[in-house]
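Per chain, numbering begins at 1; letters A, B, ... match sequence-line order. From a predicted model like this one, the values you see are computed outputs, not experimental measurements.
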Protein chains: 2
Amino acid sequence: MFSIGDLSRRTGVKVPTIRYYEQMGLVAAPERSDGNQRRYGRQELERLAFVRHARDLGFGVDDIRALIELSGHPDQPCGHADSIAAEQLASVREKIARLKRLETELERIATCCDGKTVGDCYVIRALSDHALCADDHA
Amino acid sequence: MFSIGDLSRRTGVKVPTIRYYEQMGLVAAPERSDGNQRRYGRQELERLAFVRHARDLGFGVDDIRALIELSGHPDQPCGHADSIAAEQLASVREKIARLKRLETELERIATCCDGKTVGDCYVIRALSDHALCADDHA
DNA sequence: GTAATTCCTCTAGTCACTAGAGCTTCAAGA
DNA sequence: TCTTGAAGCTCTAGTGACTAGAGGAATTAC
């Protein structure tokens, strides 16, 4: 049996975040001590580690709820879990693609400024005039 | 002179977002018609385009305020503008690096599942057991 | 026994918007 | 000129995933 602080140290999830996850239904409300403090066991630790891991991988709260629900039914087909993961992968790839376009544009903007004053600063001019951009990062 | 709707169509910034930018001080409060509706001119259009462009590039509101402030002083040295842009570039690069680590891990998770039920689904097992992960994406 | 630490609940703030209610103004056609 | 429907106005509240702080109670270490 450990306290919320112990659980926090073991999982790397901050104390208020654990309480928030409980409120959101990602982890079950645990037993309480006589003085009304939360007391956790091994099962809760594993569940929280699962949640933390899924969050680290960028899954949203709703996805995680669905994955937890699924993990409680080991006999069901796992197509749904697969598709949640595949969607997350697609969304990560999209974000990477978008950020790479930004990177290209920012490189051009941030490294081309050889003016000394704002008046001829390439950063400012590029922001003022979208036409100076190489591609359509919008 | 155009209305907020015209401005929205010309810049691609939604009407409530324009009002929000005004509230945040990113664009100046414009003249009003007799009936209290906003009336914009060319200058406001350019300013909003600047803001939109900077937002598209991922700059935060505070950065944009600073860049606008700078662009109003063409005689000052532009080192500050450069450093804002350089910081933004660094932050974009960091995000890309992080997302790539996630991508690698998600690829492993999402493509390795050849089980038929949740019980032996690799997605669920991988989330339960961080030790299955190749690298430290946390 | 006491002092320091940790815990509790509750509210409110973050960022950059977005949605909706309830009302007024504007522009175009009859 | 009248009417109708779109577009405008302000204000409040909601989004996601936390984070911060107030004010007080419980636990733990010495």
Side-chain angles (χ1 to χ4, degrees), chain A residues 1-27 29-40 44 48 50-68 84 87-88 91-92 95 98-99 102 138, chain B residues 1-27 29-40 44 48 50-68 84 87-88 91-92 95 98-99 102 138:
Chain A
M1 279 296 157
F2 22 84
S3 71
I4 197 168
D6 293 336
L7 192 65
S8 169
R9 273 181 292 279
R10 276 164 208 251
T11 58
V13 180
K14 288 180 193 159
V15 168
T17 305
I18 297 173
R19 288 196 277 249
Y20 166 75
Y21 286 162
E22 182 183 322
Q23 225 185 317
M24 295 296 102
L26 293 188
V27 300
E31 295 175 46
R32 299 284 182 134
S33 72
D34 290 348
N36 199 34
Q37 298 194 354
R38 290 169 179 82
R39 290 293 175 261
Y40 298 92
E44 280 103 337
L48 184 59
F50 181 105
V51 171
R52 152 117 225 238
H53 192 185
R55 280 298 301 136
D56 283 343
L57 288 168
F59 289 94
V61 166
D62 288 347
D63 288 339
I64 297 175
R65 242 192 300 264
L67 289 168
I68 286 170
I84 290 171
E87 251 172 55
Q88 175 60 13
S91 128
V92 164
K95 280 180 193 150
R98 176 171 157 71
L99 284 170
L102 296 193
Chain B
M1 280 295 156
F2 22 86
S3 70
I4 197 168
D6 293 335
L7 192 65
S8 170
R9 274 182 291 281
R10 276 164 207 250
T11 57
V13 180
K14 288 181 194 161
V15 168
T17 305
I18 297 173
R19 288 196 278 249
Y20 167 75
Y21 285 162
E22 182 182 322
Q23 225 184 318
M24 294 297 103
L26 293 188
V27 300
E31 293 176 47
R32 299 284 182 134
S33 73
D34 290 349
N36 199 34
Q37 298 194 356
R38 290 168 179 82
R39 290 294 174 261
Y40 298 92
E44 280 103 335
L48 184 59
F50 181 105
V51 171
R52 153 117 225 237
H53 192 185
R55 281 297 301 135
D56 283 343
L57 288 168
F59 290 94
V61 167
D62 287 347
D63 288 339
I64 298 176
R65 241 192 300 264
L67 289 168
I68 285 170
I84 289 172
E87 250 172 58
Q88 175 61 12
S91 130
V92 165
K95 281 179 192 151
R98 176 170 157 72
L99 285 171
L102 296 193

field: Nearest-0.5 Å distance that lies between atom CD in A:Q88 and atom CG in B:L102
entry: 7.5 Å
- prompt: Do B:R52 side-chain atoms and B:T11 backbone N/O form a donor-acceptor pair below 3.5 Å?
  reply: yes
- prompt: Quick one: does B:R65's side chain have a donor or acceptor within less than 3.5 Å of a partner on B:M24's backbone?
  reply: yes
[X] [atom1] - [N] [atom2] separation (whole Å):
X	N	atom1	atom2	answer
B:D34	D:dC9	CG	P	14 Å
A:D6	C:dT6	CG	P	10 Å
B:N36	C:dC23	CG	P	17 Å
B:D56	C:dC17	CG	P	10 Å
B:R55	C:dC15	CZ	P	12 Å
A:L7	C:dC8	CG	C1'	16 Å
B:Y20	C:dA19	OH	C1'	15 Å
B:Y40	D:dG8	OH	C1'	11 Å

Is the phosphate of [N] approached by [X] (side-chain N or O, under 4.0 Å from OP1 or OP2)?
X	N	result
A:T17	D:dT19	yes
B:R32	D:dT10	yes
A:K14	D:dT19	yes
B:R38	D:dT10	yes
B:S3	D:dA7	no
B:R19	C:dT18	no

5' precedence on DNA chain C between B:S33 and B:D62 (nearest-nucleotide basis):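 Nearer the 5' end of the strand: B:D62.
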query: For DNA chain D, whose closest nucleotide is more 5', that of A:G35 or that of A:Y21?
result: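 In this pair, the answer is A:Y21.
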statement: A:Q37 has its side chain closest, among C:dC17, D:dA26, D:dC9, to D:dA26
- prompt: Between D:dA17, C:dC7, C:dC26, which one does the side chain of A:V61 approach most closely?
  reply: D:dA17
query: Are the side chains of B:S3 and B:R38 in touch, meaning some heavy atoms are under 4.5 Å apart?
result: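 Heavy-atom side-chain distance check fails, nothing below 4.5 Å.
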Side-chain heavy-atom pair B:E22, B:P30 within 4.5 angstrom cut-off: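 The answer is yes; the side chains approach within 4.5 Å.
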